[in-house]
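These notes concern the structure reproduced below.
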Amino acid sequence: MNVTSLIFFAATFLAALIYRRLPGKWKNLWLLSLSVGFVATWSWQFVFVLLAFASVNYFLGRKIIPGTSAASRWTTAGIGINVAFIFFLKYNDFYLGALSKWLAALGWLSENSALVILIPIGLSFLMVQAISYLLDVKNNRMQAETDFIKFAVYLLYFPKLLSGPIERARKFLPRLENPLPLDTALFERSIALLLIGLFRKLVIADPLFNLIPPAAFTAPLTFSGQELLFYLLAYAFALYNDFAGYTSIVRAVSLWFGIELSPNFNLPYLSRNFTEFWSRWHISLSNWLRDYIFFPLARYLLKHFKPSTHWINLVVPPIVTMLVSGAWHGLAWNLIFWGGLHGTYQVVERLFSLRKNAVPVKDQPAWRQSLATMTTFSLAVLAWVPFRMPLDIAFQYWKGLLIWVKPDKYALLDFLDGKLPSAAWSQFHLPSPILIAVLIFAVLLDILQNKAKRDDFILTWPRVAIIGFTIVLAAAALLAAFSDQVVPFVYQGF
Amino acid sequence: MPELSNDTNVHAQFARNKKSHSFLSSVIWGFLAFAVLLAALAGLARTDFITAFFPLRSVGSYHSQFELKWFDLQNYVTEHGGVDVVILGNSTVNTGIDPVIFQSRYRELSGKDLRVFNFGVEGLTIEPLSEIAKLIDATYHPGTIILFTEMRDYIASNGVEVSQQFLGNSWMRYQMADFSVQGFLIDHVTLLEYLLPFRNWSNPTFTDTYRLTLYRQGNLSPEGYEPEKYIGFGGHIPDPTNPEEIIKYKQAANYSIDPGRIRDLLDVISLQQNGTRVLITEIPLYPTYFVYFGSSAVREQYLAAIDSTVSNAGSTFIPSIDEELIPIYGRADDHHLNFQGVPIYSKLLADRFFAACELQSTCLISASEVNQP
């Protein structure tokens with residue numbers, strides 16, 4: 001079931017009303033039933049896989065008794081099982097082809113057929129949540145959950161199942177005990193988040209993704225530098241609005257159940273350095289990486305390499321953390337490279353921060369902060385190139401960004417005058433005016449959010465602005481309902 | 001810089017913000033305003049005034065030329081009170097026949113004044129054309145449908161993707177009695193016809209496609225004829241070593257008539273049960289065109305097969321006029337005529353149909369003749 005569909009909103013709202021009426025002991029069972037039902041709308045086979053996943057982790061959690069020698073073994077085994085699980089299902093192309101051939105050679109599979117594994121939804125998100133749970137139990141940050149239903153809801157809670165936010169069990173489980181009361185303020189906030197999420201998805205992200213010609217990311221050198229620049233900006237804002245939009249929508253529907261999900265984005269393109277960027281982009285994953293990779297690794301290295309400014313302490317934790325982040329997005333060289341690039345950015349920043357007269361960015365004059373924002377934004381956008389395409393194409397893309405082509409002014413004037421009806425806009429090597437307009441919309445939306453300093457910023461708008469916002473959203477939704485171009489959420493694939 | 005709180009009671013802090021209006025009521029007002037706007041546009045859609053703002057119409061089909069023809073036919077019927085003869089076919093028909101010249105010549109010969117519309121649509125084979133024939137017959141009840149087919153129509157692999165996309169459209173499916181809410185809405189809400197041309201506004205080629213469709217709409221005559229302006233075709237000798245032509249050779253190799261496509265042809269002919277006369281014919285292609293298909297025997301076998309199929313189904317196959325009668329300057333390529341060839345061919349076509357009327361009693365009949373009790 002698509003989380004932007006009317007049927008999803010209607011069914012979820014109805015389910016939330018029922019949830020509110022149920023006695024406490026039934027609430028979690030209801031949430032689990034809804035989550036199982038949601039999974040079944042994708043594939044009934046996924047239900048068994050995901051329930052098995054939850055059962056295994058529940059069992060492992062119960063086996064971990066902090067402070068005992070067995071705790072480490074069970075935790076290591078648990079992490080190993082979770083990683084193996086994701087490898088087995090998600091990265092099946094490593095072994096499935098060979099296995100198919102082997103089975104065919106044994107006569108157990110016909111010559112022309114191949115084994116296929118359906119990859120359950122939200123797998124990468126489930127894995128990190130399960131691992132954080134096991135580590136938190138082992139490190140005595142929380143007690144193992146004894147109620148299986150409650151634990152299964154933690155892992156499979158449907159609003160966050162597809163693409164997060166990645167929640168910690170120790171914070172999420174208490175919210176199940178005390179759902180927020182559904183009053184006007186909560187409901188208004190949920191509707192505001194919902195509308196903002198839909199706006200980001202339908203008015204900004206989907207159009208921007210669509211407006212990029214597919215060839216731009218497969219044969220970039222057939223485009224001019226100026227076109228590639230705008231396509232890259234479009235991709236950067238599309239990716240951000242797609243994921244931020246998704247998060248906003250699921251946080252909104254979760255509020256109907258009184259369960260606040262963590263924010264995932266906080267105007268990342270306004271960051272002044274990469275440490276700040278990663279505290280604003282995919283926040284729940286960044287925090288996970290920080291708490292379970294960066295900090296433990298940094299602490300370990302600090303014990304062995306003194307002083308704290310030793311180059312190993314400066315270089316290894318950010319590089320390793322970001323490489324893991326790249327690998328989490330997918331086992332492909334371009335994603336590892338993307339992670340490495342972000343790790344390098346952070347290392348360079350750390351080196352700069354060691355200067356004697358270094359001033360924290362927040363204490364710098366406004367113009368330097370603006371310059372820092374622009375530099376961070378530009379480098380982050382350039383890093384999306386290897387995130388989006390294989391490395392060889394990515395290098396071509398970067399090269400193409402430098403080759404600008406001057407449009408034929410006279411032909412362009414004739415074209416604008418309607419004299420060249422069969423000519424295409426692309427032959428003038430200029431980005432589409434619609435793309436530029438949507439980009440302006442995207443920037444404007446972030447400026448308005450920044451001004452209001454809250455994620456449900458439309459709540460503060462005057463009535464006429466809210467009406468205008470709703471009309472634009474409704475028009476976009478109407479056209480999208482009949483469009484031939486459906487764009488799935490990007491992070492649904494991770 | 002903004003800071004977001006992770007506090008689970010985050011809503012409580014927002015609850016304290018006092019507003020002069022209710023947010024929810026503003027959202028409801030927004031949706032109401034949108035509904036009122038749609039209602040106003042829906043009212044406007046029933047007047048001619050709307051075309052000033054929304055010049056194109058659509059049923060959500062990816063095939064914009066079909067849509068141009070469909071709404072052009074609707075306008076034609078509104079203006080003339082009906083249509084007597086609909087000429088169906090692919091791009092060769094679209095740019096190959098001027099209904100005004102055909103109509104005038106036929107009137108000259110027979111004294112019969114028929115309302116004729118050209119419904120040639122590029123890229124469509126007999127499969128989608130048979131559905132269009134049924135649709136036109138059910139909607140406008142013409143007296144005669146002239147279906148132009150050619151050898152390529154009956155190659156099983158030809159035009160499959162185009163057909164799938166064309167017939168997969170929800171409005172088209174709805175016409176074919178496959179219900180969907182989307183198809184129902186498009187068919188019943190006139191306003192949607194004017195909004196749907198913008199549905200793919202975020203396609204990278206949207207502005208180009210929109211401009212080109214507008215241009216083609218401007219070029220289309222009220223009777224559905226679109227002149228081809230290209231001149232300079234100097235004849236063509238197929239070359240099996242030319243990489244651009246290899247695909248044509250491949251497609252035509254081992255030519256055989258697909259039974260599924262024959263069923264589509266028979267579907268069109270079956271419209272005669274409603275009283276509509278259905279005649280099958282061919283456009284005069286440049287003589288060397290058939291080289292792709294191999295020996296002349298293949299062509300002869302094809303003609304014989306189609307002729308017998310059509311005759312057995314109770315219709316008439318009227319072979320193409322002699323290709324040599326179209327001067328080379330009247331051709332845009334080896335299968336399309338240009339604006340110089342069309343007047344010649346449209347007259348010759350009228351002559352051919354009049355002769356068929358005289359000799360085979362297969363005259364073109366008007367809508368009123370069909371609908372007479």
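A note on names: the letters A, B, ... follow the listed sequences, proteins ahead of strands, and every chain is numbered from 1. In this text the structure is predicted, and so the values were computed from the model without any measurement. What's counted below: heavy atoms across the whole structure, side chains too, no hydrogens, waters or symmetry copies.
Note that the OG1 atom of B/Thr205 and the CG atom of A/Leu211 stand 10.0 Å from one another [nearest 0.5 Å]. For the atom pair A/Leu473 CG and B/Phe34 CZ, the distance stands at 9.5 Å (nearest 0.5 Å). Residue A/Glu188 holds its CD atom at 8.5 Å from OG of B/Ser25, rounded to the nearest 0.5 Å. Atom-to-atom distance recorded for A/Ser432:OG and B/Asp208:CG is 9.0 Å, nearest 0.5 angstrom. In this structure, CG on B/Asn200 lies 9.0 Å from CG on A/Leu479, to the nearest 0.5 angstrom.
Annotation: A/Phe441, atom CZ; neighbour count of heavy atoms from other residues, nucleotides and ligands within 6.0 Å does not exceed 12. Counting non-hydrogen atoms of neighbouring residues, nucleotides and ligands closer than 6.0 angstrom, the CG atom of B/Asp48 reaches no more than 12 such neighbours. Within a 6.0 Å radius of CZ in B/Phe179, other residues, nucleotides and ligands contribute more than 12 heavy atoms. Residue B/Tyr329 qualifies as open at atom OH: its count of foreign heavy atoms under 6.0 Å is 12 or below.
Of the two parts of A/Val203, only the backbone, made up of N, CA, C and O, holds a non-hydrogen atom closer than 4.5 Å to a non-hydrogen atom of chain B. For A/Val464, no part lies near chain B; criterion is any non-hydrogen pair under 4.5 Å. At a 4.5 Å heavy-atom cutoff, the contact between A/Ala423 and chain B is made by backbone atoms alone. Using a 4.5 Å cut-off between heavy atoms, A/Leu193 does not touch chain B at all. Contact annotation for B/Leu24: both backbone and side-chain heavy atoms come within less than 4.5 Å of a heavy atom of chain A. Proximity to chain B is limited to the side chain of A/Ile434, based on heavy atoms less than 4.5 angstrom apart. Heavy atoms closer than 4.5 Å to chain B are found nowhere in A/Leu435, neither backbone nor side chain. Of the two parts of A/Ala481, only the backbone, made up of N, CA, C and O, holds a non-hydrogen atom closer than 4.5 Å to a non-hydrogen atom of chain B. For a residue to count as touching a neighbouring chain, one of its non-hydrogen atoms must lie under 4.5 Å from one of that chain's; by this rule B/Tyr215 touches chain A with the side chain only. Interface remark: A/Phe415 contributes backbone and side-chain atoms alike to the contact with chain B (heavy atom separation under 4.5 Å).
Between A/Phe482 and B/Leu195 there is no side-chain heavy-atom pair separated by less than 4.5 Å.
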* Report the C-alpha separation of B/Phe23 and A/Ile458 in whole Å, then their side-chain angles, then the decisive distance to 0.1 Å, and conclude whether the side-chain contact (heavy atoms from CB on, under 4.5 Å) test is met. => CA-CA 9 Å; B/Phe23 169 75; A/Ile458 59 170; 3.8 Å; yes
* To do: Apply side-chain contact (heavy atoms from CB on, under 4.5 Å) to the pair A/Leu478 and B/Phe198, showing each step before the final yes or no.
  => CA-CA 11 Å; A/Leu478 179 72; B/Phe198 300 97; over 6 Å; no
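Contact detail for B/Gly30 and A/Ile471: the closest heavy-atom pair is O-CG1, 3.6 Å. Taking all atoms of both residues into account, the shortest heavy-atom contact from A/Pro207 to B/Ser202 is CA-CB, 3.4 Å. Nearest heavy-atom pair, A/Arg463 versus B/Ser26, reported as atom, atom and distance to 0.1 Å: CG-OG, 3.4 Å.
Between chain A and the residues B/Asn169, B/Leu38, B/Thr209, B/Leu192, the largest count of heavy-atom pairs under 4.5 Å involves B/Leu192.
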